[in-house]
Participant: 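Can you read through this structure? Questions will come right after.
Because the structure is predicted, anything quoted here is derived from the model rather than measured.
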Amino acid sequence: MKKGLLLLGLSAFAATALMAAEIKVGILQPLTGPIASFGQKTLDGIKLVHEKYNKLPNGDTIKLVIVDNQFDKIQTVNGYNRLASDDKVVAIEGPLASSMALSIKRFANDTKTPTVTQIATNPRVTKNTKYITRACFTDDFQGTVAAKYALKHHLNNAVVVFDMKQDYSVGLAKAFQKAYKKGGGKILKVLYINSGDKDFNAQVAQIKRLNPKFIYTPIYAPEEGLFLRQLRAAGVKAPVMGGDGIADPGLLKKLAGSAANGVMYTDHFDAAKAPTPLSAQFIKDFKAKYGRLPSAFAATGADGYLLIYNAVKQCDTNANKADLAKFKSCVNNALRHTKNLEAVTGYLTIDPNTGNPINKPAVIEKIVDGKTEFVELVKP
């Protein structure tokens, strides 16, 4: 009788241990450095959905292992390898920004770690790898949206200003030029800057002399804000549009003041246009928790986590937990075969061959007094 009770006790203990298993998911974001505001906003979105979606059907829980990559390639690679090898995560969300995502591509392949980049838009990020999946549209689409908007409004000559140090900026500038020229637009000049620059007077002087109808600036917010201040101070009034890298109206207002007014950018999400019931609830919960509306960074961060949660939920079996490589392989396959998943920015279906979402729309936003105004929704 005692032996039976002992076996029963051990069995109950084993069952409890299995139910209490912790599944680790890595989060790799720039929480310090020049685009820390983007990383913090992304993390806010991730944490909010993790609060609601951390328990799995069998009683297991998902634990977030958060690493700051400082928007630095060396720190990104070190952080990624730490998560994949030392922390033994089943998947990683991040890194934010195309240059950082490209820096870990080889390591994702080497470690066979399923990786979801929520907002790295350069097309090369998911090419020639089956271990990186994207939660956002690509620059091919984003650049085309900007070009079509300009041409639709008869802004048929343009100057392009891009950051030669950032893969995101280089790729988006090329995509815009290709679509703009194809649509009949004329590129008057292509000018470049470098990350960290603060003096743009040389570029502004050339732009003023050329007097373009449109200025396309696929650069990041820290440089965009200073560029805008100097551009408007020189008397240049042409419309300016950037990509999702300037989706920080508060920072632009701080750096550019009133010069940021009227600047447009392409983005992934507008909190005034909730595309799903889950999105509407997310917006409500986000505002209650943080006292503000969620940005596209928060929304895509949430989407990246929801993709991973959905995949882990399908793969969380005792057999997989006993073999991390098998677990990761299952999660990766589930990510690549996501179909019609309700998320914050819409319903996500992933192309299993490319790792990119299918039919992901974009929004065009305008900055007015440090806040965004919806301009239009553009579908592929």
Participant: Going by side-chain hydrogen bond (donor to acceptor under 3.5 Å, both in side chains), name the residues that satisfy it together with Y131, two or more places apart in sequence or in a different chain.
Facilitator: none
Participant: For the side chain of N261 and the backbone of D369, is there at least one donor-acceptor N/O pair under 3.5 Å apart?
Facilitator: yes
Participant: Test side-chain contact (heavy atoms from CB on, under 4.5 Å) on Y149 and T266; report intermediate values, then the result.
Facilitator: CA-CA 10 Å; Y149 176 88; T266 46; over 6 Å; no
Participant: Using atom types as modelled and distance alone, determine if a side-chain donor or acceptor of D267 lies under 3.5 Å from a backbone N or O of V363.
Facilitator: no
Participant: Mark yes when over 12 heavy atoms from residues, nucleotides or ligands other than K360 sit less than 6.0 Å from its NZ; otherwise mark no.
Facilitator: yes
Participant: So does T121 get a backbone contact from the side chain of S98, meaning a donor-acceptor N/O pair under 3.5 Å?
Facilitator: yes
Participant: Check for me, please, whether V263 and V161 land in the same ILVMFWY cluster - side-chain distances under 4.5 Å, paths through other members count.
Facilitator: yes
Participant: Check whether T276 reaches the backbone of V344 with its side chain - one donor and one acceptor, N or O, closer than 3.5 Å.
Facilitator: no
Participant: Do side-chain atoms of Q40 reach the backbone of L31 as a donor and acceptor pair under 3.5 angstrom?
Facilitator: yes
Participant: Evaluate the side-chain contact (heavy atoms from CB on, under 4.5 Å) criterion for residues K47 and K289: first the C-alpha distance (whole Å), next the side-chain angles of each, then the deciding distance (0.1 Å), finally the verdict.
Facilitator: CA-CA 11 Å; K47 284 183 173 180; K289 184 176 179 66; 5.7 Å; no
Participant: Run through K63, K328, K24 and flag the one making a side chain to side chain contact (heavy atoms under 4.5 Å, CB included) with V89.
Facilitator: K24
Participant: Hey, could you give me the CG/CD1 distance between D68 and I27, rounded to the nearest 0.5 Å?
Facilitator: 13.0 Å
Participant: Tell me if a side-chain donor or acceptor on N356 pairs with a main-chain N or O of R134 at a distance below 3.5 Å.
Facilitator: no
Participant: Salt bridge check, D110 against R106: does any charged N sit closer than 4.0 Å to a carboxylate O?
Facilitator: yes
Participant: Taking atom types as modelled and ignoring hydrogens, do the side chains of K379 and N359 form a donor-acceptor contact shorter than 3.5 angstrom?
Facilitator: no
Participant: Could you give the distance from CG (L231) to CG (N201), rounded to the nearest 0.5 Å?
Facilitator: 10.5 Å
Participant: Is it true that Q142 and D139 share a donor-acceptor pair across their side chains at a distance under 3.5 Å?
Facilitator: yes
Participant: Do you know which of T115, N109, T111 makes side-chain hydrogen bond (donor to acceptor under 3.5 Å, both in side chains) with T113?
Facilitator: T111
Participant: Counting only N and O atoms by type, is there a donor-acceptor contact under 3.5 Å from the side chain of N320 to the main-chain atoms of C315?
Facilitator: yes
Participant: Got K321 and N58 here, is their nearest side-chain heavy-atom distance under 4.5 Å?
Facilitator: yes
Participant: So how far is it from L228 CG to I367 CD1, rounded to the nearest 0.5 Å?
Facilitator: 8.0 Å
Participant: Show your working on side-chain contact (heavy atoms from CB on, under 4.5 Å) between K105 and K127 and close with a plain yes or no.
Facilitator: CA-CA 9 Å; K105 190 171 176 178; K127 285 183 178 177; 4.2 Å; yes
Participant: Do the non-hydrogen side-chain atoms of K112 and N332 ever get within less than 4.5 Å of each other?
Facilitator: no
Participant: Is it true that V65 and L56 fall in one hydrophobic cluster, defined by side-chain heavy atoms closer than 4.5 Å?
Facilitator: no
Participant: How long is the span from the CD atom in E93 to the OG1 atom in T300, to the nearest 0.5 Å?
Facilitator: 8.0 Å
Participant: Using the ring of each side chain (for Trp, its six-membered ring), is F214 parallel, tilted or perpendicular to Y216, with breaks at 30° and 60°?
Facilitator: parallel
Participant: Is the backbone N or O of A325 less than 3.5 Å from a side-chain atom of S329, with the two atoms forming a donor-acceptor pair by type?
Facilitator: no
Participant: Below 4.5 Å, heavy atoms only, C-beta onward: do I193 and F227 meet side chain to side chain?
Facilitator: no
Participant: Say you draw a straight line from CD1 of I132 to CZ of R336; how long is it, rounded to the nearest 0.5 Å?
Facilitator: 8.5 Å
Participant: Salt bridge or not between K165 and E223? Use side-chain N to carboxylate O under 4.0 Å.
Facilitator: no
Participant: I need the L341 CG to L306 CG distance, nearest 0.5 Å.
Facilitator: 6.5 Å
Participant: Could you walk me through whether K148 and V378 pass the side-chain contact (heavy atoms from CB on, under 4.5 Å) test, one step at a time?
Facilitator: CA-CA 10 Å; K148 287 185 174 180; V378 183; over 6 Å; no
Participant: Run the ring-centre check on Y309 versus Y53 and record whether the distance is less than 6.0 Å.
Facilitator: yes
Participant: Just by modelled atom types, is the Y220 backbone N or O under 3.5 Å from a matching donor or acceptor in the Y168 side chain?
Facilitator: no
Participant: Hey, could you give me each pair passing side chain to side chain donor-acceptor pair (under 3.5 Å) that has a residue in residues 170-194? Not counting sequence neighbours.
Facilitator: none
Participant: Is there a donor-acceptor pair closer than 3.5 Å between any side-chain N or O of Q230 and the backbone N or O of F200?
Facilitator: yes
